[in-house]
Amino acid sequence: MRFLALLSLVAVAAAHVEHLEPRSQPGAAKPTPVDLRPLVWGDLNVISTTDTHGWLSGHVKEGSYSADFGDFSSFLSHMREQAVHRRKDLLVVDSGDLHDGNGLSDATPLDGEVSNPIFQKINYDALAIGNHELYLNEIAEDTYKNFAPKWGKRYLTSNVFIKDGHSNKAVPIGKLYNKFRMKFGTRVMSYGFLYNFVGAANNTIIEPSNVTVTLPWFQKTLKEDVDVYLIVGHTPIRWAESVAVIKAIRAVHPSKPILLFGGHLHVRDFTAYDGRAYGLSAGRFMETLGWMSVSGIHDRACRIEANCVGKNLTVSRRYLDTNVHTYKTHSLAHPRQKFDTWRGRKISKEITHHRQSLNLSNAFGCAPQDYYLSRYPYTDSRSLLDLVTKEILPFSVIDKTRPNPAFVLINSGCQRFDVTKGPFTYDDTFIVSPFHDDFAYASVPFKAAKNILSALNKAPFQKRAEPNFQLSAENATLTPGYVTKDDYGLGGDDWPHSPIPYVPAPNYVSSPLPTGLGDADLVDVVWLSFFTNLMIPILKQLDPANTYEALPYRVGVDTNTMWPTYVKAKWNNTTC
């Protein structure tokens, strides 16, 4: 009662200044508020993030996801107060992939140079490494030396190792596991797993999870007396790698609660492995906070595990849109309580400072319309891939000084987000096309060249992540957004939306094939060098009489720089 009385006093004091509170980033869009259902609290509650990819500024152009990391910090502060008041345990976890997707993380000489210190201001209880922390030797080394040590035992890399430069031995980048007790007594054994990622830097090693769970150190942890097993991992919750860890624990503990928080596929998802083991994935790009609450963990009858086989836990899940209205609705004990905390405001100001110093709001031109990555067929004029293949690749990539005509092949996954009508900024170059993938080429007879795209789309897909998807019936009265169907049906989305259409694109797309050529005429076939291992065998198959090698094509031009080159030339005179 005293706690609520104090909050009432604070609320009265704050009522006169509530409308003046600074929050989010300057100019950020705001959603139209709607009524939201209260969250269900259990004995153990978990807030999860994954695949943030540098979006600590929030989505400045999208009101539904406009909260920044300062707002997130304030939200967590109030949620932890609620947890103490309710005498419930609350965990905050992250499942990896911290950069490649936003200027705040990618516009510095080393990815994460300013975004990682901001990320570290959130008091996470458990974190896992993502594949984007492992593509480059220098990023992996920085994660090992500078990021992981900041978290102590909480940064978990149960199956991810790095070759230590001093000892020349493979050592875990973080910790293999962590056992800890929470404020209200819940004893947790935590691990962090990465999916069987192929393509990591050569100074790293990813051990298959089905091997890791057989090792003595892992089996020894299963002998510890704990209340719940917590798995945070950059692993899709339905993939075999996740299931292998669940099965390994179940082989020893037939009814011990298991909670798994995954990522990588950029989707909202929830699954029940059995009545006492659950997995949740919290989307992408700081659009979503995952919420899971669990009751029944402290059932005394379950100290003899055989007694609780088949006795289901009570579980609730929710996917929260990341805006201040969502945060205030769920975290404040009183509607007029002040939301912004001193720490949250400080983080927001720091983000604003870095965005300004990196010139992220500097506009290169004005997009004449919206271009969508996956709402329309990739050949539709409203499709981002249609713009890229028909306009940007021919203008920004093809070298018109060469004697041979050219066509360019890219994987559709190298483009990551929509373009919004209006100013196209330096930040947008990283949001839309974050990867610095360079180009290679070979001069090939037209007879073979014209069949390469078809052959490439039949080859294994060298993907970075799966596309996002939503499911549901249409509702034109709602704001377009996430409508998620998972193992518990359609009730998981906190904020009601009409679904955004999803139209899949081919794995690989290309600029227009040159016309008016004979079969023997040479064509410069240009592709992203990271899938050269697929291209060379295809060229050999289509043209066995010749031997091909990948040569550099237009050094300094890549999938990130091709956008400002085009925008400055083609959209410079458009009125925003």
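On a predicted model such as this, the values are computed, not experimentally measured, just so you know. Each residue takes its place number in the sequence, starting with 1. Side chains included, hydrogens not; waters and symmetry mates left out as well; all remaining heavy atoms used.
Of the N and O atoms on the side chains of Asn323 and Ser66, not one donor lies less than 3.5 Å from an acceptor on the other residue. In summary, the side chains of Tyr441 and Asp399 do not present any donor paired with an acceptor at a separation below 3.5 Å, with no hydrogens or angles considered. Looking at Ser57 and Gln25, their side chains never bring a donor and an acceptor atom within 3.5 Å of each other. A donor-acceptor contact closer than 3.5 angstrom is absent between the side chains of Ser105 and Asp111. Looking at Ser209 and Asn159, their side chains never bring a donor and an acceptor atom within 3.5 Å of each other. With hydrogens and angles left out, the side-chain atoms of Asp51 and His264 include no donor and acceptor closer than 3.5 Å. For the residue pair Asn202 and Asn137, a side-chain donor N or O sits within less than 3.5 Å of a side-chain acceptor on the partner. For the residue pair Asp370 and Thr420, no side-chain donor N or O sits within less than 3.5 Å of a side-chain acceptor on the partner. Side-chain polar atoms of Tyr553 and Asp438 form no donor-acceptor pair below 3.5 angstrom.
Judged purely by atom type and a 3.5 angstrom limit, Ser412 uses its side chain to pair as donor or acceptor with the backbone of Pro506. Between the side chain of Thr204 and the main chain of Ile162, no donor-acceptor pair closer than 3.5 Å is present. Although no hydrogens or angles enter the test, the distance criterion places no donor-acceptor pair under 3.5 Å between the side chain of Ser454 and the main chain of Asn451. Using modelled atom types, no side-chain atom of Ser510 and backbone atom of Leu409 make a donor-acceptor pair closer than 3.5 Å. Under a 3.5 Å cut-off, the side chain of Thr288 and the backbone N or O of Arg284 do not form any donor-acceptor pair. At least one donor-acceptor pair closer than 3.5 Å links the side chain of Glu133 to the backbone N or O of Asp97. In this structure a side-chain-to-backbone donor-acceptor pair under 3.5 Å is missing from Ser281 to Asp269. Not one N or O on the side chain of Thr389 forms a donor-acceptor pair closer than 3.5 Å with the backbone of Ser511. Put simply, the side chain of Thr214 gets close to the backbone of Val211: a donor and an acceptor are under 3.5 Å apart. With Ser374 contributing its side chain and Tyr502 its backbone, the two residues share no donor-acceptor pair below 3.5 Å.
In this structure, CG in Leu453 is found 10.5 Å from CG in Asn507, a value given to the nearest 0.5 Å. The distance from the NE2 atom of His53 to the CG atom of Leu104 is 14.5 Å, given to the nearest 0.5 Å. The distance from atom CZ of Phe197 to atom CD of Glu241, rounded to the nearest 0.5 Å, is 12.5 Å. In this structure, the separation between OG on Ser95 and CG on Leu260 is 8.0 Å, given to the nearest 0.5 Å. A distance of 5.0 Å separates CD in Glu549 from CG in Leu551, rounded to the nearest 0.5 Å. With rounding to the nearest 0.5 angstrom, the CD1 atom of Ile47 is 10.0 Å from the OH atom of Tyr124.
Annotation for Glu138: atom CD counts as buried by contact number, over 12 foreign heavy atoms lying within 6.0 Å. Remark: Tyr378 OH is loosely packed, at most 12 non-hydrogen atoms of other residues, nucleotides or ligands lying under 6.0 Å away. Under a cut-off of 6.0 angstrom, the local environment of NZ in Lys400 is crowded, with over 12 non-hydrogen atoms contributed by other residues, nucleotides or ligands. Crowding of Lys540 atom NZ: a count of heavy atoms from other residues, nucleotides or ligands under 6.0 Å exceeding 12.
Not counting sequence neighbours, the partners of Tyr177 by the ring pair (Phe, Tyr, Trp, His ring centres under 6.0 Å) test are Trp217.
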- Message: Evaluate Tyr319 against Thr484 for side chain to side chain contact (heavy atoms under 4.5 Å, CB included), listing each step before the verdict.
- Response: CA-CA 9 Å; Tyr319 311 107; Thr484 310; 4.0 Å; yes
- side chain to side chain contact (heavy atoms under 4.5 Å, CB included) between Thr559 and Phe530: does it pass, once the steps are laid out? CA-CA 12 Å; Thr559 50; Phe530 88 89; over 6 Å; no
- Task: Please lay out, stage by stage, how Ser433 and Asn560 fare under the test side-chain hydrogen bond (donor to acceptor under 3.5 Å, both in side chains).
- Result: CA-CA 5 Å; Ser433 190; Asn560 177 262; 5.6 Å; no
- Please step through side chain to side chain contact (heavy atoms under 4.5 Å, CB included) for the pair Ile129 and His234, ending with a clear verdict. CA-CA 7 Å; Ile129 197 168; His234 198 73; over 6 Å; no
- Under the side-chain hydrogen bond (donor to acceptor under 3.5 Å, both in side chains) rule, what do Asp164 and Tyr144 come out as? Steps first, then yes or no, please. CA-CA 9 Å; Asp164 186 89; Tyr144 171 56; 2.8 Å; yes
- For the pair His132 and Phe435, evaluate ring pair (Phe, Tyr, Trp, His ring centres under 6.0 Å) and give the outcome as yes or no after the intermediate values. CA-CA 11 Å; His132 282 263; Phe435 308 119; 5.8 Å; yes
- Leu176/Phe218 under side chain to side chain contact (heavy atoms under 4.5 Å, CB included): CA gap, chis, key distance, verdict: CA-CA 8 Å; Leu176 296 175; Phe218 184 87; over 6 Å; no
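Using a 4.5 Å heavy-atom cutoff, the side chains of Asn362 and Thr425 are not in contact. The side-chain heavy atoms of Asp386 and Tyr376, taken from C-beta on, include no pair separated by under 4.5 Å.
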Can I get a per-line list of side-chain donor-acceptor pairs under 3.5 Å for residues 115-122, giving both atom names and the distance, sequence neighbours left out?
none

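Closest approach of Gly101 to Asp106, counting heavy atoms only: N-OD2, 2.7 Å. Closest of all the heavy-atom pairs between Gly344 and Ser74 is CA-OG, 3.5 Å. Considering every non-hydrogen atom in both Leu542 and Ala448, the closest pair reads CD1-O, 3.6 Å. Shown here for Ile246 and Ile258, the closest heavy-atom pair between the two residues is CD1-CG2, 3.5 Å. Pairing each heavy atom of Pro512 with each of Phe407, the nearest pair is O-CB, 3.6 Å. Shown here for Phe430 and Asn102, the closest heavy-atom pair between the two residues is CB-C, 3.7 Å.
For the pair Lys61 and Asp428, the salt-bridge criterion is met [side-chain N within less than 4.0 Å of a carboxylate O]. Under the 4.0 Å criterion applied to side-chain N and carboxylate O atoms, Arg268 and Asp486 are not assigned as salt-bridge partners. With respect to the salt-bridge test (charged N to carboxylate O, under 4.0 angstrom), the residues Asp125 and Arg154 do not qualify. Looking at Asp437 and Arg416, no side-chain N of the basic residue comes within less than 4.0 Å of a carboxylate O on the acidic one, giving no salt bridge. A salt bridge is absent between Glu350 and Lys346: the closest approach of a Lys/Arg side-chain nitrogen to an acidic carboxylate oxygen does not fall below 4.0 angstrom.
The aromatic ring centres of Tyr278 and Tyr273 sit 6.0 Å or more apart.
Under the 30°/60° scheme for interplanar angles, the aromatic rings of Trp571 and Phe424 are found to stand perpendicular. Between Phe193 and Tyr191, the ring-plane angle classifies as tilted under the 30° and 60° cut-offs.
Checking each of Tyr65, Tyr371, Trp55, Trp563 against Phe417 for a ring-ring contact (aromatic ring centres under 6.0 Å, His included) leaves exactly one that passes, namely Trp55.
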